[in-house]
Amino acid sequence: MTVVDVEGQLIVGNRQELKQKVLEHLEAGDRKFVIDFSNTGYIDSSGLGVLVSLSKKIREQGGELRLSSLNEDLRTLFELTKLDTLFRIADTRDQALEGF
Amino acid sequence: MTVVDVEGQLIVGNRQELKQKVLEHLEAGDRKFVIDFSNTGYIDSSGLGVLVSLSKKIREQGGELRLSSLNEDLRTLFELTKLDTLFRIADTRDQALEGF
Amino acid sequence: MEPDHDLVLELPTDIRTIEHAVEYVVDRCRQCDSHADRLRLNFRVGLTEALSNAMLYGNGHDPSKRVRVEVTLGPGEITARVTDQGSGFNPHAVPDPTRPENLLKAGGRGLFLMRQLLDEVWYNDQGNQVTLVLRLEPTSPPLSGGARA
Amino acid sequence: MEPDHDLVLELPTDIRTIEHAVEYVVDRCRQCDSHADRLRLNFRVGLTEALSNAMLYGNGHDPSKRVRVEVTLGPGEITARVTDQGSGFNPHAVPDPTRPENLLKAGGRGLFLMRQLLDEVWYNDQGNQVTLVLRLEPTSPPLSGGARA
Ligand SMILES: Nc1ncnc2c1ncn2[C@@H]1O[C@H](COP(=O)(O)OP(=O)(O)O)[C@@H](O)[C@H]1O
Ligand SMILES: Nc1ncnc2c1ncn2[C@@H]1O[C@H](COP(=O)(O)OP(=O)(O)O)[C@@H](O)[C@H]1O
């Protein structure tokens, strides 16, 4: 199980860091991932894109990616883009871990 | 010559400090005073009142009180209350000191 | 000829500069937001006046008495109601501090400033409760309110 | 029964408490200011999209090319114009990323987000300059703009 915090923004300038970190754990054999947004300011379209492509890669390996602790701003971005239908989004990190 | 900086707010809760400081120098014989507002946030009516009463006391001793470095907010307060007609208000501290 | 802009940036093609550039622009916009101006000056000074009158005159400096502040954030306006435990006064009897004969007085500018800076100022009948309304409309002038004495 | 308030304070009669009480109230009001919301999310994300497209596609990552940002603060609106040194594109040809067949694609949400979050988005004929307009009206919903795709 890997839990990753996104600190600050998840945008075009830094999205590769998150991608690399998750892919390393995936290669190392982890299959259950939670990305937690408690400390995230905003996300742009390329940040959303990274989440979509990570989710796809993890699913291809039989794993699952869950998201947690999206504030109201971030939730709006997922709703506008309909990506809220693609991810399991938990209110808190603990709820994301429950029964994982 | 005494130059006094007002740091933060000049309001009902702290106006006595300014008053005391200026009156001490007046009693010690100073007659030329500049109060500088470069670092002042806002002033309430009792802060304005302290300036009026200090100006009166200084004038009674044959001295003068000048004000300097009022930002736009503070200038508005002086204009609304017509106190801009009562004081010599300089744009900068240096201009207040010129020919004093 | 270039048209006038409030802010112009020239950025290199380096996506790592985006975050800072965006923060910089947003901060500058915030500073020019007239709502922020009216909160910073008009509301802050008006509320300070209401609180000090409540403590000094209403409650007569009595530390055992309390002042109640109720704030309501409506769409496009902020209302602050300040109540003291005093017996009130007649706000209409307060003289205009900008008249020449009052200009040299140390006091008497509190109500005047509230009325100048807020869009609405009203007292209850007794005079121990004042309600201040600040409108947040894009057309409001940044520094002076609509209610004049 | 008491009416609902967004914020209620009970203060002791102590004038030294006024400054902090006023700051506290103003901070809380700022947080609920829908202009601040729209600057924080809508404008920030929209401008980020415009800048990254300008750098990635317009200037094709070429560090010798530059991006120009011009911001104008009008009464009740903020306009940001972003110009790159590329040859442009046809913004009408960009597909809707919320259609089921596009939902799993990693890219293609930038223009869509700009159009959703800003009140106006328009490109020059060439397609190397985008203009974003954010309206700051008290009635604007805090999170989504008026322009839909
Ligand atoms: N809450 C209150 N309760 C009783 N009297 C008040 C109250 N607020 C104001 N007043 C009266 O109104 C007068 C004018 O107040 P104001 O315009 O704020 O000027 P200042 O506080 O400098 O006297 C005060 O001197 C006081 O007599
Ligand atoms: N400034 C620009 N110059 C040239 N092409 C652009 C520009 N902005 C956007 N595009 C084109 O429009 C497409 C869609 O952009 P966008 O909706 O932001 O999604 P994404 O950036 O994820 O591809 C881009 O892939 C690119 O081909």
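Side chains are part of it too, since the values below use all heavy atoms of this structure and drop only hydrogens, waters and symmetry mates. Chain A is the first sequence line, chain B the second, and so forth, proteins listed ahead of strands; every chain is numbered from 1.
Taking CG of D/Leu11 as the start and CE of C/Met55 as the end, the distance is 5.0 Å to the nearest 0.5 Å.
Residue with the most contacts toward chain D among C/Thr83, C/Val67, C/Asn59: C/Val67 (heavy-atom pairs, distance under 4.5 Å). The candidate from D/Gln85, D/Arg44, D/Glu77 with the greatest count of non-hydrogen atom pairs under 4.5 Å with chain C is D/Arg44.
Heavy atoms closer than 4.5 Å to chain D are found in the side chain of C/Ile78, but not in its backbone. When heavy atoms are compared at a cutoff of 4.5 Å, C/Leu56 approaches chain D solely by way of its side chain, counted from C-beta outward.
Within a 6.0 Å sphere centred on CG of C/Asp125, heavy atoms belonging to other residues, nucleotides or ligands number 12 at most.
Residues D/Val25 and C/Phe43 form a side-chain contact, since some pair of their non-hydrogen atoms from C-beta on lies under 4.5 Å apart.
D/Leu51 and C/Ala21 make their closest contact through CD1-CB, 4.4 Å (heavy atoms, listed as atom of the first residue, atom of the second, distance). The shortest non-hydrogen separation linking D/Val26 to C/Leu39 is CG2-O, 4.1 Å.
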